[in-house]
Amino acid sequence: MRVGIAGIGFMGWIHWLAWQTVPGVEITALFSQEPERRAGDWTAIRGNFGPPGERVDLSEIKVHDSLESLFNDDNVDLFDLCLPPGVHASATIAALASGRDVFCEKPMALRLEQCDAMLAAQQMGGKHLLIGHVLPFFPEYAFARKAIADKTYGKFLGGNFQRTISDPTWIRGFFDPEICGGPLLDLLIHDVHFIRTVLGMPLEVDAVGRLNNGLVEYMTAAFRFGDTGQVATCRGGVVHQSGRPFSHGFEMHFEDATMQFEFAAFDDGPELMPLKVLTRDGRILRPDLGDADPVRSFEAELAEVNRVVTGVIDRSDVLDGRLARDAIQIVEALSQSVRTGKPVSFDA
């Protein structure tokens, strides 16, 4: 499978590294607006995980200075879009129109109608559209997802999910509704998508929170499902203390066990409460989840993209565009609930 990467920032760099580990994949083309990146100087790239950028050899790769040029490159089977969220919809539709498959980073788009237009373009062209929701491939979430599917600890009853960061002033347009869309779309979309993936579409959401430039800055939300025995909550967003690190975690409830996990990335070093399974009979199980390097999760994600595009599997139950569309619909409902102070229901 020949891959063309659109956008060489932090996420484009991580994808570049992860694709190298997927058998049968070759990166044949890329696009960047920045001349130094097109020349292979990626040393300015930094992120909150993974190695810093390096100088890369692009001598065997077709380098493009426009998206139009990239999408006209016949030596590409799959376009990997690592672009700002505000252009996800237009770039995806243009890439699909070229007759190739598309893998687009999350969030799928900034608005639900854009997601619907992307899915319509995918259906019209008959190609794959996959959205980069990597969280289910992180080892703690992957372990929980398998336990849910296998009913290892009985019925899944739901849980509490959290994700918080200090104000990401280094991200251009973070609180601009036309560029990034704020914490709900950039951050909490991870947990919303995970809840949607493991519990299905909720009947109703009810959220309270703070606003910034008309966008939800921080919130706590409850999800109601048809099965009243299943309960999920989600909280997080942005707080304005620069020393407050990124953190995420969960407590998931099953009939016969509870799972706990928490991670925080402080400036003086990370702090981790590793995944534990607390059983009904009083045991504390500590699963061995292997390598904790987050880049490994992207490697697993892109390996699944390859399996779908090459026909090894028919579809991905995590990366499917329709699931990503549902997550955007839920995010819009959460935002409406915060602004109005009222629950928001979904059509059955």
Side-chain angles (χ1 to χ4, degrees), residues 1-32 37 40 42 45 47 49-64 70-71 73-83 92 95-96 98-106 122 125-143 145-146 149-150 197 287-321 323-324:
M1 184 175 72
R2 301 167 298 174
V3 173
I5 301 177
I8 305 299
F10 171 60
M11 195 49 58
W13 165 238
I14 295 300
H15 284 204
W16 168 275
L17 294 174
W19 279 122
Q20 315 296 326
T21 72
V22 182
V25 169
E26 178 185 6
I27 299 173
T28 56
L30 63 83
F31 153 75
S32 177
R37 306 250 167 117
W42 298 3
I45 296 175
F49 64 85
E54 303 171 355
R55 291 188 177 274
V56 297
D57 179 5
L58 301 179
S59 59
E60 301 297 321
I61 293 174
K62 177 66 175 177
V63 178
H64 298 270
L70 175 67
F71 296 156
D73 190 329
D74 292 332
N75 195 36
V76 175
D77 303 308
L78 170 82
F79 292 114
D80 177 356
L81 308 184
C82 300
L83 301 165
T92 294
L96 288 167
S98 77
R100 265 71 66 83
D101 298 299
V102 174
F103 174 62
C104 177
E105 257 301 325
K106 66 82 196 164
Q122 179 263 326
K127 306 303 289 186
H128 294 288
L129 173 57
L130 303 163
I131 307 299
H133 280 284
V134 72
L135 187 69
F137 296 94
F138 274 66
E140 298 83 6
Y141 294 84
F143 182 90
R145 193 163 58 95
K146 187 174 189 306
D150 295 346
T197 300
D288 180 1
L289 301 180
D291 190 343
D293 183 351
V295 177
R296 302 289 175 264
S297 303
F298 287 87
E299 294 172 0
E301 177 191 42
L302 297 186
E304 177 136 318
V305 171
N306 185 46
R307 288 193 295 272
V308 173
V309 172
T310 58
V312 175
I313 57 176
D314 292 333
R315 62 181 294 273
S316 170
D317 60 359
V318 174
L319 304 176
D320 186 86
L323 287 174

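Atoms considered below: every heavy atom in the structure, side chains included; atoms not considered: hydrogens, waters and symmetry mates. Just so we're clear, the structure is a prediction, and the values are computed from it rather than from any experiment.
- Of the inter-residue distances, the one linking Gln20 atom CD with Glu26 atom CD reads 10.0 Å to the nearest 0.5 angstrom.
- Summarising the geometry of Gln122 relative to Leu96, their closest heavy-atom pair is N-CD1, 3.6 Å, with the distance given to 0.1 Å.
- Atoms CH2 and CZ, from Trp42 and Arg55 in turn, are 12.5 Å apart once rounded to the nearest 0.5 Å.
- A 4.5 Å side-chain heavy-atom check between Ser297 and Tyr141 finds every atom pair outside the cut-off.
- Qualifying side chain to side chain contact (heavy atoms under 4.5 Å, CB included) partners for Glu299, counting only residues two or more places apart in sequence or in other chains: Ala18, Thr21, Val295, Arg296.
- By the salt bridge (Lys or Arg N to Asp or Glu O under 4.0 Å) test, Asp314 pairs with no residue at all, sequence neighbours left out.
- Among all heavy-atom pairs drawn from Asp101 and Val309, the shortest one is OD2-CG1, 3.4 Å.
- Annotation: the span from Leu30 atom CG to Lys62 atom NZ amounts to 11.0 Å, rounded to 0.5 Å.
- Between Val318 and His133 the shortest heavy-atom distance is CG1-O, 3.8 Å.
- Taking CG from Leu323 and CG from Leu130, the interatomic distance works out to 11.0 Å, rounded to the nearest 0.5 Å.
- In this view, Phe138 satisfies the ring-ring contact (aromatic ring centres under 6.0 Å, His included) rule with no residue, not counting sequence neighbours.
- Summarising the geometry of Arg37 relative to Leu58, their closest heavy-atom pair is O-CD1, 3.7 Å, with the distance given to 0.1 Å.
- Heavy-atom minimum distance, Phe103 versus Leu78: N-CD1, 3.7 Å.
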Just list the side-chain donor-acceptor pairs under 3.5 Å for residues 300-308, sequence neighbours left out, or say none.
residue : atom : partner : partner atom : Å
Glu304  : OE1  : Arg307  : NH2          : 3.0
Glu304  : OE2  : Ser316  : OG           : 2.5

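- With rounding to the nearest 0.5 angstrom, the CD1 atom of Ile131 is 6.0 Å from the OG1 atom of Thr92.
- Residues passing the salt bridge (Lys or Arg N to Asp or Glu O under 4.0 Å) test with Asp150 are Lys146, sequence neighbours excluded.
- Across all their heavy atoms, Phe71 and Phe79 have their closest contact at CA-CZ, 3.6 Å.
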Which atom pairs, one a donor and one an acceptor, fall under 3.5 Å between side chains of residues 1-15 and the rest of the protein, sequence neighbours left out?
residue : atom : partner : partner atom : Å
Arg2    : NE   : Asp77   : OD1          : 3.4
Arg2    : NE   : Asp77   : OD2          : 3.0
Arg2    : NH1  : Asn75   : OD1          : 2.7
Arg2    : NH2  : Asp77   : OD1          : 2.8
Trp13   : NE1  : Pro51   : O            : 2.9
His15   : ND1  : Asp80   : OD1          : 3.0
His15   : ND1  : Asp80   : OD2          : 2.8
His15   : NE2  : Glu105  : OE2          : 2.9

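- To the nearest 0.5 Å, atom CG of residue Leu319 and atom NZ of residue Lys106 are 14.0 Å apart.
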